[in-house]
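Report on the structure given below.
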Amino acid sequence: MEIKSVGVIGAGQMGNGIAHVFALAGYDVLLNDISEEALGRSKQMIGQNMDRQVSREKISAEERDAALARISTGSDLAVVGKVDLIIESATENESIKRKIFASLAEHLAPHTLLTSNTSSISITRLAAGTDRPERFMGFHFMNPVPVMQLVELIRGIATDNATYEILAEVVQRLGKSAASSEDYPAFIVNRILVPMINEAVYALYEGVGSVSSIDLSMKLGANHPMGPLELADFIGLDTCLAIMNVLHEGLADTKYRPCPLLVKYVEAGWHGRKTKRGFYDYRGETPVPTR
Ligand code: CAA
């Protein structure tokens with residue numbers, strides 16, 4: 001089976017990056033969201049990010065224009081259900097994801113492959129709620145999608161080999177590398193990365209260091225491109241907390257308990273860059289640490 005058309009459900013920061021890379025690789029992309037405003041923002045963001053790639057000579061202006069023309073947007077699940085491959089990339093919340101797959105069920109073409117860009121939730125459990133667990137997989141992209149080379153491929157207990165092979169081929173066509181992960185909470189990248197971020201928040205909470213000194217330490221002391229608190233703001237503090245909760249509940253080990261300070265930031269609605277406040281305040285010219 002050759003994948004030609006792709007439906008991306010959820011036009012947030014991951015959804016727009018995923019639509020971007022699929023369109024550039026020549027796939028027809030249908031970007032779906034319940035919010036017209038999110039769809040408009042997302043198309044604008046994709047245009048800006050492609051312009052940046054044109055200005056850095058990563059792609060030509062013709063490639064950008066052709067890719068943008070391959071992306072259409074809409075909110076109708078009946079339309080998106082007919083594509084070859086669906087990538088659900090809604091908020092990291094299991095009940096929202098389950099509802100999306102349930103609403104899609106009646107509209108799906110028999111051949112359509114279902115995937116979720118979940119960063120932590122059980123693929124086996126999500127697949128079990130659909131009519132095609134053998135053609136359901138975890139398809140996890142990293143942020144920013146146009147830049148990051150890795151895609152995690154996660155098989156649920158029922159996923160068949162044909163589905164895995166098709167998605168591995170898609171990753172190759174995107175020019176990215178696939179890592180195969182077993183279906184355990186948060187898979188590989190987030191199993192390691194997000195507890196490190198949570199530990200950085202504990203270091204802040206316990207007064208070991210300030211926001212600036214923690215980030216500087218990991219940038220200059222461990223050669224990370226971003227400090228852990230800057231990265232947490234980039235990923236979204238709500239997403240970081242959701243992943244810690246999945247690890248804590250799924251592995252039943254207290255070493256994964258979310259830091260109370262992370263919970264407090266999320267409760268305040270300070271979710272990082274997307275809400276303009278997190279461990280840094282982004283409302284001015286340059287980010288200012290909030291502690
Ligand atoms: N679209 C297209 N290109 C982009 C882009 C985007 N959204 N964002 C950055 N770029 C490109 C820039 O054009 C630039 O390209 P060149 O190298 O050709 O010049 C390059 O990326 C570097 O960007 P900048 O010079 O603007 O900034 P930088 O050097 O500070 O790098 C960064 C930015 C790539 C984001 C870097 O800081 C980085 O790698 N940070 C860590 C990112 C990371 O760890 N991501 C994983 C998060 S975990 C995750 O995603 C999993 C999950 O489920 C939570």
Side-chain angles (χ1 to χ4, degrees), residues 10-25 41-60 63-64 67-68 71 87-93 97 115-121 123 138-154 174-179 181 184-198 200 215-216 218-220 222-247 258 262 266 271-274 278 280 282 286-287:
Q13 63 182 357
M14 294 307 287
N16 83 57
I18 293 169
H20 175 136
V21 296
F22 273 86
L24 271 181
R41 257 200 326 265
S42 191
K43 261 217 116 168
Q44 191 189 2
M45 188 61 78
I46 294 171
Q48 279 171 13
N49 284 331
M50 286 192 187
D51 286 347
R52 170 152 54 165
Q53 288 177 302
V54 172
S55 69
R56 308 222 184 189
E57 295 177 0
K58 298 268 174 198
I59 59 173
S60 67
E63 284 168 322
R64 173 200 58 201
L68 287 175
I71 302 176
I87 307 169
E88 172 279 314
S89 63
T91 309
E92 191 65 0
N93 174 311
K97 290 184 186 296
T115 66
S116 173
N117 179 53
T118 174
S119 40
S120 60
I121 298 167
I123 299 305
F139 202 23
H140 183 216
F141 291 80
M142 309 296 137
N143 189 19
V145 183
V147 181
M148 304 300 282
Q149 287 304 302
L150 187 79
V151 183
E152 284 182 305
L153 292 181
I154 308 109
L174 295 175
K176 297 194 183 287
S177 300
S181 166
Y184 289 107
F187 320 127
I188 296 174
V189 171
N190 286 333
R191 169 83 177 254
I192 299 167
L193 183 68
V194 182
M196 181 203 71
I197 288 173
N198 193 51
D215 277 350
L216 188 72
M218 294 308 284
K219 276 199 282 195
L220 302 189
N223 255 6
H224 290 193
M226 283 178 171
L229 300 173
E230 190 187 357
L231 182 58
D233 278 357
F234 184 66
I235 293 171
L237 303 192
D238 52 337
T239 302
C240 292
L241 178 59
I243 295 171
M244 284 312 295
N245 282 330
V246 167
L247 282 167
L262 178 62
V266 173
H271 293 178
R273 279 201 202 182
K274 61 188 167 191
Y280 294 83
Y282 300 90
T286 48

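In what follows, residues are counted from 1 in the order of the sequence shown. In listed order, ligands and their atoms are each counted from 1.
Counting only heavy atoms, the protein gets under 4.0 Å from atom 9 (C) of ligand 1. Distance check for atom 28 (P) of ligand 1: every protein heavy atom is found at 4.0 Å or beyond.
For atom 21 (O) of ligand 1, the nearest non-hydrogen atom of the protein is V147 CG2, 3.5 Å. The protein heavy-atom contact nearest to atom 47 (C) of ligand 1 is N143 O, 3.8 Å. Of the protein's non-hydrogen atoms, R52 NH1, 3.6 Å is the one closest to atom 26 (O) of ligand 1. Summary of contacts: the protein heavy atom closest to atom 36 (C) of ligand 1 is P225 CB, 4.0 Å.
Only side-chain heavy atoms of M148 come within less than 4.0 Å of ligand 1; its backbone N, CA, C and O stay farther off. The side chain of K58, and not its backbone, has at least one atom closer than 4.0 Å to an atom of ligand 1 (non-hydrogen atoms only; side chain from C-beta on). Residue contacts with ligand 1, taken as heavy atom pairs separated by less than 4.0 Å, do not involve V194 at all.
For the residues M50, M45, R56, the heavy atom positioned nearest atom 14 (C) of ligand 1 is part of R56.
Across all their heavy atoms, G272 and Y282 have their closest contact at C-CE1, 4.1 Å.
Of the N or O atoms in Q53, none lie within a sub-3.5 Å distance of an N or O in ligand 1. Checked by distance only, ligand 1 and N190 come closer than 3.5 Å through their nitrogen or oxygen atoms.
In terms of the salt bridge (charged side-chain N to carboxylate O under 4.0 Å, His left out) criterion, residue partners of E88 (sequence neighbours excluded) are, by chain and number, K97. P146 pairs by the side chain to side chain contact (heavy atoms under 4.5 Å, CB included) definition with H20, V21, Q53, P144, not counting sequence neighbours.
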